[in-house]
Amino acid sequence: MREGMRDSIPIALGYLAVSFSLGIIAANAGLTAGQGFWTSFFCMASAGEYIGFTLIAAQSAYTEVALMTLIANARYLLMSAAWSQRISSKTSVLHRLVMALDLTDELFAIAIARKGHLNPWYSYGAAVLPVLFWAGGTALGCIAGDILPRNVVSALSVALYGMFIAIIIPPAKNDKVILWLVVSSFVMSLAAKYLPLANELSNGTRIILLTIIISSAAALLHPHKTETEEEA
């Protein structure tokens, strides 16, 4: 558990900066610091929360908020499917459910980069600081976001992208399949932004479609070995 907490420190710091920006958006939508804290505590998803806060500010219907948040967060269904392949068959259902509560892009990356089966206690330790910093950062943004210049707040969010690059580089250097998947993701994402029809889709929809296409191709061309195949 301590190892998970140690590995998650850079993630927690990055989350604090980004969630601070979300706090400003939440405040503009009329949410209090307490409401912003609990929203981020139970929904650790920057794109999903941003869409939710934006729609709340626009006084959209509950059904529209729920549907758009579901679409924006649909990639977690795919990550959960990939994650489950790394969990031992002996792991209880309760552990699996608790592990899934705080599955984010960055926590998925540090967990999937580890060798062998995923230890539930590593996942719990890795989630503690990011959850608290994400929720706390949102609350702070609601309270003090307007004090800082907007360009400073925007600059803070760059830390998360730098941290994510630092997470994917080591496994990409050690595995050619991961390297080509990363490169393909960059190229296809850029192409989808300018190709006809694809450029008319929202960013969230493009991400979902590219994730399905790239992950499906990887699964077909380089399937993950099961426990029985690894023991053979």
Side-chain angles (χ1 to χ4, degrees), residues 1-58 60 62-80 83 93-111 118-148 153 156-157 159-161 163-164 167 204 207:
M1 190 168 182
R2 284 184 297 179
E3 188 177 357
M5 293 182 69
R6 180 201 65 194
D7 293 345
S8 69
I9 290 175
I11 296 175
L13 294 175
Y15 279 4
L16 180 64
V18 176
S19 62
F20 193 88
S21 312
L22 278 174
I24 297 174
I25 300 172
N28 292 336
L31 275 71
T32 65
Q35 291 170 334
F37 178 91
W38 290 114
T39 300
S40 287
F41 186 87
F42 290 111
C43 180
M44 288 185 62
S46 56
E49 287 187 54
Y50 174 79
I51 290 174
F53 293 151
T54 302
L55 292 176
I56 290 174
S60 301
Y62 291 140
T63 53
E64 184 176 0
V65 174
L67 180 59
M68 291 303 297
T69 303
L70 176 64
I71 293 174
N73 294 337
R75 67 185 186 280
Y76 293 119
L77 297 174
L78 302 175
M79 285 194 290
S80 296
W83 213 29
V93 175
L94 179 60
H95 273 307
R96 293 171 184 263
L97 291 174
V98 178
M99 291 170 69
L101 285 175
D102 295 306
L103 177 61
T104 67
D105 303 59
E106 293 75 25
L107 293 179
F108 171 83
I110 63 171
L118 298 179
N119 187 324
W121 293 104
Y122 175 86
S123 297
Y124 301 155
V128 171
L129 292 178
V131 170
L132 294 177
F133 276 53
W134 182 263
T138 305
L140 290 174
C142 290
I143 297 172
D146 290 333
I147 298 176
L148 295 175
V153 176
L156 289 174
S157 64
L160 189 68
Y161 298 103
M163 177 200 63
F164 192 76
I167 291 174
I207 291 174

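Numbering of residues begins at 1 and proceeds along the displayed sequence. The figures that follow rest on heavy atoms only: side chains count, while hydrogens, waters and symmetry mates do not.
Between the side chain of T32 and the backbone N or O of Q35, at least one donor-acceptor pair lies under 3.5 Å. Formation of a donor-acceptor pair under 3.5 Å by the S8 side chain with backbone atoms of M5 is found in this model.
Not counting sequence neighbours, the partners of I51 by the side-chain contact (heavy atoms from CB on, under 4.5 Å) test are L55, M68, A72. Take I9 and apply the side-chain contact (heavy atoms from CB on, under 4.5 Å) test, not counting sequence neighbours, and it matches L13, L129. Legend: residues meeting salt bridge (Lys or Arg N to Asp or Glu O under 4.0 Å) with R96, ordered by chain and number and at least two apart, are absent. Residues forming a side chain to side chain donor-acceptor pair (under 3.5 Å) with D102 (at least two apart in sequence, or on another chain): none. Under the rule for a side-chain contact (heavy atoms from CB on, under 4.5 Å), the partners of S40 that lie at least two apart in sequence or sit in another chain are E49, W134, A135, T138. For Y124, the ring-ring contact (aromatic ring centres under 6.0 Å, His included) partners two or more places apart in sequence, or in a different chain, are H95, W121. For Y62, the ring-ring contact (aromatic ring centres under 6.0 Å, His included) criterion is met by no residue, not counting sequence neighbours. The side chain to side chain donor-acceptor pair (under 3.5 Å) search around T104 returns Y15, not counting sequence neighbours. Partners of Y50 by side-chain contact (heavy atoms from CB on, under 4.5 Å), not counting sequence neighbours, listed by chain and number: L22, I25, T54. Applying the side chain to side chain donor-acceptor pair (under 3.5 Å) criterion to Y122, with sequence neighbours excluded, gives D7.
Nearest heavy atom pair, residue L16 against residue G137, reads CD1-CA, 3.6 Å. Heavy atoms only, all atoms of each residue included: L107 and P130 are closest at CD2-CG, 4.0 Å. The minimum heavy-atom distance between C142 and G36, with the atom names listed, is SG-CA, 4.4 Å. Counting all heavy atoms, side chain and backbone alike, G52 lies closest to V65 at CA-CG1, 4.3 Å. Minimum interatomic distance between M44 and V131 (heavy atoms only, all atoms of both residues): SD-CG2, 3.2 Å.
With values rounded to the nearest 0.5 angstrom, L103 atom CG is found 10.0 Å from L77 atom CG. In this structure, CZ in F133 is found 12.5 Å from CD1 in I11, a value given to the nearest 0.5 Å.
Relative ring orientation between W38 and F41 is described as perpendicular, the plane-to-plane angle rising above 60° on a 0-90° scale split at 30° and 60°.
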